[in-house]
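Report on the following structure.
Order of the sequence lines fixes the chain letters, A, B, ..., with proteins taken first and strands second; residue numbering starts at 1 for each chain. Worth saying up front: this structure is predicted, and the values here are computed from it rather than measured.
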There are 2 protein chains.
Amino acid sequence: MGIVERKERDREEMRDLILEAARTLFLTKGYEKTSIRNIADAIEYSPGTIYLYYKDKNELLFALHEAAFRKMTLELSQVNDISDPFARLVEMGHRYIKYAVENPEMYDLMFVMKGPMQDLACRDEVWEDGLKAFSLLEYVITDCIKAGYFKELDVETAALTIWSYMHGLVIIFLKDRMKMFNDNREKERMQQSYALFVKMMRSSF
Amino acid sequence: MGIVERKERDREEMRDLILEAARTLFLTKGYEKTSIRNIADAIEYSPGTIYLYYKDKNELLFALHEAAFRKMTLELSQVNDISDPFARLVEMGHRYIKYAVENPEMYDLMFVMKGPMQDLACRDEVWEDGLKAFSLLEYVITDCIKAGYFKELDVETAALTIWSYMHGLVIIFLKDRMKMFNDNREKERMQQSYALFVKMMRSSF
DNA sequence: CAAATATAATGAACAGTGTTTATTGACAAT
DNA sequence: ATTGTCAATAAACACTGTTCATTATATTTG
């Protein structure tokens with residue numbers, strides 16, 4: 001009798017139900033305005049129930065963070081049909097910016113908020129999602145080197161440098177620090193800056 | 001009789017008292033664990049009193065953010081004795097990283113947290129502190145162009161690009177996203193990456 | 001100087017937060 | 001049919017930012 005299996009399935013279903021409700025609230029109301037009680041209300045359960053499926057809010061945030069990574073990785077992997085490695089790298093950057101701008105709350109969860117990382121830390125695990133996304137970038141860079149674009153380059157350092165730039169650019173935008181320019185050309189500025197960075201990569205690596 | 005003047009002085013003193021207590025708590029306990037009640041306790045006043053001097057927590061955060069900018073601007077300006085503009089730019093970068101690593105809570109306040117920007121937005125003012133710091137970078141870049149280092153370069157775009165990189169690098173570090181490498185060479189990696197970025201600037205601009 | 005007024009500070013209250021726990025109710029096993 | 005297991009709950013705890021009627025103090029006026 002597969003009754004313990006059914007229980008496990010039920011449990012997984014419940015975890016998913018909570019996760020989906022959390023995501024929806026996140027995307028509609030934003031992180032700061034989404035509470036455990038809100039999530040509980042949305043799925044018509046009591047607040048305490050959520051703690052039977054997730055040990056605390058950080059664990060829930062981490063689960064959400066994992067789902068966000070799956071989505072981003074999927075979108076970033078769609079450049080694999082571009083044969084020229086450098087063009088692929090450039091397009092990956094464009095998609096990275098696009099993802100961040102279109103999913104600000106999720107981007108925050110993935111790369112800024114401390115909650116998910118704290119959950120990871122107390123479980124004493126390594127940040128696999130980050131590592132996987134990072135290796136995606138390393139892979140393209142390796143291809144660029146093979147194709148003769150870059151030379152004498154430590155792949156890991158190059159990847160960190162490129163990621164730092166991309167990350168900084170989108171965070172400046174997402175955290176409203178670009179409104180100091182006081183015109184409404186923020187996205188235009190991002191594109192101009194990215195164009196410059198691409199030029200830097202092309203001519204210096 | 002300068003009694004309204006004295007009142008104004010008293011008021012300014014009280015604002016400072018609150019601000020200093022807030023800063024101390026920020027630096028010792030971190031932002032997330034510092035509440036209005038904590039600050040009130042520290043200066044031995046009731047919580048409500050703080051609202052007689054700051055309209056809300058965001059205004060207090062903004063005041064703190066301003067003080068942090070004064071400190072950073074001071075530290076970044078100490079490179080002015082370096083005559084070679086490019087060397088000055090490079091040293092400024094080093095100091096930027098140093099400031100961020102040594103003042104993580106303040107850096108967060110200045111460039112990541114939404115609170116201070118919300119306060120600014122509801123007062124409908126421009127982000128002067130950010131603009132001032134940005135123009136510090138623009139100034140060095142302009143000097144680099146004059147000295148023949150860079151050419152055919154839009155100063156504003158270049159400044160945004162360099163800032164994006166610096167910002168991204170330190171945020172990756174401060175938000176614990178560098179622990180995916182799982183060794184303890186985070187700061188070393190930052191230095192390696194920055195060295196690469198400097199090389200990129202030298203050879204491509 | 002005394003009375004009236006202005007104002008600084010207070011503590012309680014409000015509505016919210018994450019989290020824990022004793023109690024209840026339904027299902028499974030004996 | 002009774003026992004045991006376990007999911008779900010409501011209530012409570014200790015917080016949070018913020019507001020407000022009340023009190024105490026200081027200043028101005030009669």
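- Among the protein residues, A:Tyr53 comes within range of the sugar-phosphate backbone only, with heavy atoms under 4.0 Å from sugar or phosphate atoms but none that close to a base.
- Computed from coordinates, the B:Ile18 CD1 to C:dA8 C1' distance equals 12 Å when rounded to whole Å.
- Here the rule is ring pair (Phe, Tyr, Trp, His ring centres under 6.0 Å) with B:Tyr107, and of B:Tyr99, B:Phe69, B:Tyr96, B:Phe173 only B:Tyr96 fits it.
- A:Arg15 places a side-chain N or O within donor-acceptor distance of the main-chain N or O of A:Tyr53, the cut-off being under 3.5 Å.
- B:Thr161 and B:Ser164 share no donor-acceptor pair across their side chains, judged by distance under 3.5 Å alone.
- Side-chain polar atoms of A:Lys71 and A:Asn103 form a donor-acceptor pair below 3.5 angstrom.
- Between the CG atom of A:Leu60 and the C1' atom of C:dG18 there is a distance of 12 Å, rounded to whole Å.
- Look at CG on B:Leu17: it is 16 Å from P on C:dA8, rounded to the nearest Å.
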Step by step, work out the side chain to side chain donor-acceptor pair (under 3.5 Å) result for B:Ser77 and B:Asn80.
CA-CA 6 Å; B:Ser77 296; B:Asn80 285 336; 4.8 Å; no
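- Atom pair B:Leu52:CG and C:dA8:P shows a separation of 8 Å (rounding to whole Å applied).
- Under the 4.0 Å criterion applied to side-chain N and carboxylate O atoms, B:Arg70 and B:Asp129 are not assigned as salt-bridge partners.
- Rounded to whole angstrom, the span from the CD atom of B:Glu13 across to the P atom of C:dA8 amounts to 14 Å.
- Residue B:Asp56 contributes atom CG, which lies 5 Å from atom P of D:dT18 at whole-angstrom precision.
- Less than 4.0 Å separates DNA chain C from at least one heavy atom of each of the following residues of residues 19-50 of chain B: B:Arg37, B:Tyr45, B:Ser46, B:Gly48, B:Thr49.
- Spacing between atom OH of B:Tyr51 and atom C1' of C:dA13 amounts to 14 Å, rounded to whole angstrom units.
- Atom-to-atom, CE of A:Met14 to P of D:dC6 comes out at 17 Å; the value is rounded to the nearest Å.
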